[in-house]
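Heads up: the structure comes next, in structure tokens.
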Protein chains: 2
Amino acid sequence: MSFQLDQFLPYRLSIAAAEISSRFAARYAAEAGLSIPEWRVLAHLGHSGAVSVRDITQRVHLDKSVVSRAASRLQEAGYVAKSGHGKDRRLIVLQLTSQGEELMKRLAHVADGFQMDLLALLGEDAQAFKAGLTRLLERSDW
Amino acid sequence: MSFQLDQFLPYRLSIAAAEISSRFAARYAAEAGLSIPEWRVLAHLGHSGAVSVRDITQRVHLDKSVVSRAASRLQEAGYVAKSGHGKDRRLIVLQLTSQGEELMKRLAHVADGFQMDLLALLGEDAQAFKAGLTRLLERSDW
DNA sequence: TTCATAACGTTGCAAGTGCAACGGAGTCAA
DNA sequence: TTGACTCCGTTGCACTTGCAACGTTATGAA
């Protein structure tokens, strides 16, 4: 029996992730015209409060150039405000505007609903699936 | 409690998949200088035998332009042979060369080893994780 | 047969990404 | 204080991708 790509775990994981990301992306694209990096930056800012580009870069797994450009677009759209850091003037402090907060509140609902659909789909495998995901993410040092 | 991106299932899935794909891609890039689309095309051909670009496109979740270009690069590298289809002259039949078969044999070993590492990492969650993945992939009609 | 329609693989092109380089700013030892 | 080094966010650039054409070939109804 030869190697079967469609039984290969990394391949299946990759397809499933792409599929789900794309479906969810369609929802927030319809809601607010956001791209994936923009969604991630917005979502992180919603939880973190005021932070620098570097902080976001480290936490949302995006290159700093991507975060920089996403932040600029979010600023243009009025969802994010940029300001200087008082002590370290290399840093730029990003923060949601009230409009951004409002959008994030709506998107959090959308996201929660989406995740509930997903968990329902996983059914009895949901807990172990989440646990497995955690194992994969923790062992980031191979 | 506000929305937390790093607890959001689609996000975690996406990061884990990207991480694992990238680690595995590094292995076959080192072994044979292949890109992800090239690996997928090669792997599919190894199992399917002679098929058209369209067949591959449908099965490996890549745009036909990506498959077309990957196939051309694989042909240049001597791993794949293109030939015309006898009955339908729109079709191009792709097939591994003996060199391609040999490479695929080696890569199948690498892939199997990688998957075993992955399953070991998942431990007791492995079965349910695979089952969950199957559920996600089956329900592709939302 | 003829002609409109669809399917095949390739190619052109706009958009996004990752990497490297940049100017500006902070740090720390000499 | 100076000067070498590091870090910040932005920008330029090469590369890949997804989509829409295109030429060629097959299909099917009139």
Side-chain angles (χ1 to χ4, degrees), chain A residues 11 14-15 17-19 21-23 25-26 28-29 33-42 44-45 48 50-77 80-95, chain B residues 11 14-15 17-19 21-23 25-26 28-29 33-42 44-45 48 50-77 80-95:
Chain A
Y11 172 75
S14 167
I15 300 303
E19 188 76 23
S21 277
S22 138
R23 291 186 194 286
Y28 54 70
L34 299 183
S35 69
I36 291 183
E38 286 159 16
W39 149 254
R40 288 195 188 172
V41 168
L42 192 84
H44 181 69
L45 284 176
S48 69
V51 290
S52 68
V53 170
R54 177 189 56 134
D55 290 323
I56 300 179
T57 294
Q58 292 173 338
R59 298 198 185 275
V60 301
H61 292 262
L62 294 173
D63 188 80
K64 61 182 182 173
S65 63
V66 175
V67 172
S68 172
R69 290 189 255 247
S72 293
R73 285 191 297 265
L74 289 171
Q75 183 187 30
E76 276 183 53
V80 162
K82 292 185 183 181
S83 55
H85 187 281
K87 302 203 167 172
D88 188 338
R89 290 191 302 179
R90 294 171 302 180
L91 300 178
I92 294 218
V93 175
L94 299 176
Q95 197 170 5
Chain B
Y11 173 75
S14 168
I15 300 302
E19 188 75 23
S21 277
S22 138
R23 290 187 193 284
Y28 54 71
L34 299 183
S35 69
I36 292 182
E38 286 158 17
W39 150 253
R40 288 195 188 171
V41 169
L42 191 86
H44 182 68
L45 284 176
S48 70
V51 290
S52 69
V53 170
R54 178 189 54 135
D55 290 323
I56 301 179
T57 295
Q58 292 173 340
R59 298 196 186 278
V60 302
H61 292 262
L62 294 173
D63 188 80
K64 61 182 181 173
S65 64
V66 175
V67 173
S68 173
R69 289 188 255 247
S72 294
R73 285 191 298 264
L74 289 171
Q75 183 187 29
E76 276 184 53
V80 161
K82 293 185 183 179
S83 55
H85 187 281
K87 303 203 167 173
D88 189 337
R89 290 191 303 178
R90 292 172 303 179
L91 300 180
I92 293 217
V93 175
L94 300 176
Q95 197 170 6

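Residue numbers start from 1 in every chain, and the chains themselves are labelled A, B, ... in the order their sequence lines are given, proteins ahead of strands.
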Will you find, in the side chains of Arg40(B) and Ser14(A), an N or O donor that is under 3.5 Å from an N or O acceptor?
yes
Atom CG of Asp88(A) to atom C1' of dT27(C): distance rounded to whole Å?
10 Å
Mapping Ala71(A) and Val66(B) to their closest nucleotides on DNA chain D, which lands nearer the 5' end?
Ala71(A)
Spacing of Arg69(B) atom CZ relative to dT16(D) atom C1', expressed in whole Å:
8 Å
Of Val67(B) and Ile36(A), the one whose closest DNA chain C nucleotide lies more 5'
Val67(B)
Just wondering, are more than 12 heavy atoms of other shown residues or ligands nearer than 6.0 Å to CZ in Arg73(A)?
yes
Here the gap from Ser83(A) atom OG to Leu94(A) atom CG, rounded to the nearest 0.5 Å, amounts to 8.0 Å
Can you measure Leu74(B) atom CG to dT10(C) atom P for me and round it to whole angstrom units?
12 Å
Can a donor-acceptor pair under 3.5 Å be found between the side-chain atoms of Arg73(A) and the base atoms of dG16(C)?
no
What is the distance, to the nearest angstrom, from the CG atom on Leu91(A) to the P atom on dG26(C)?
9 Å
Has Ser68(B) got a side-chain N or O lying under 4.0 Å from the OP1 or OP2 atom of dT10(C)?
yes
Hey, which sits more toward the 5' end of DNA chain D by its nearest nucleotide, Arg90(A) or Ser72(A)?
Arg90(A)
Starting at CD of Gln75(B) and ending at C1' of dT10(C), how long is that distance when rounded to a whole Å?
13 Å
Nearest whole angstrom, please: distance from the C1' of dC7(D) to the CG of Asp55(A).
13 Å
Where each residue is assigned the nucleotide of DNA chain C containing its nearest heavy atom, which of Ser35(A) and Asp63(A) is assigned the position nearer the 5′ end?
Ser35(A)
Which of these nucleotides, dC19(C), dT10(C), dG26(C), is closest to any side-chain atom of Ser65(A)?
dC19(C)
Is there a side chain to side chain contact (heavy atoms under 4.5 Å, CB included) between Tyr28(B) and Glu38(B)? Walk through the geometry before answering.
CA-CA 10 Å; Tyr28(B) 54 71; Glu38(B) 286 158 17; over 6 Å; no
Phosphate OP1/OP2 of dT10(D) contacted by Lys82(A) side-chain N/O (<4.0 Å)
yes
For Arg69(A) and Ser65(A): C-alpha separation, side-chain torsions, deciding distance, then whether side chain to side chain contact (heavy atoms under 4.5 Å, CB included) applies.
CA-CA 6 Å; Arg69(A) 290 189 255 247; Ser65(A) 63; 3.7 Å; yes
Rounded to whole angstrom units, what separation is found between the CZ atom of Arg54(B) and the P atom of dA6(C)?
16 Å
Nearest whole Å is fine: how far is dG9(C) P from Ile56(B) CD1?
9 Å
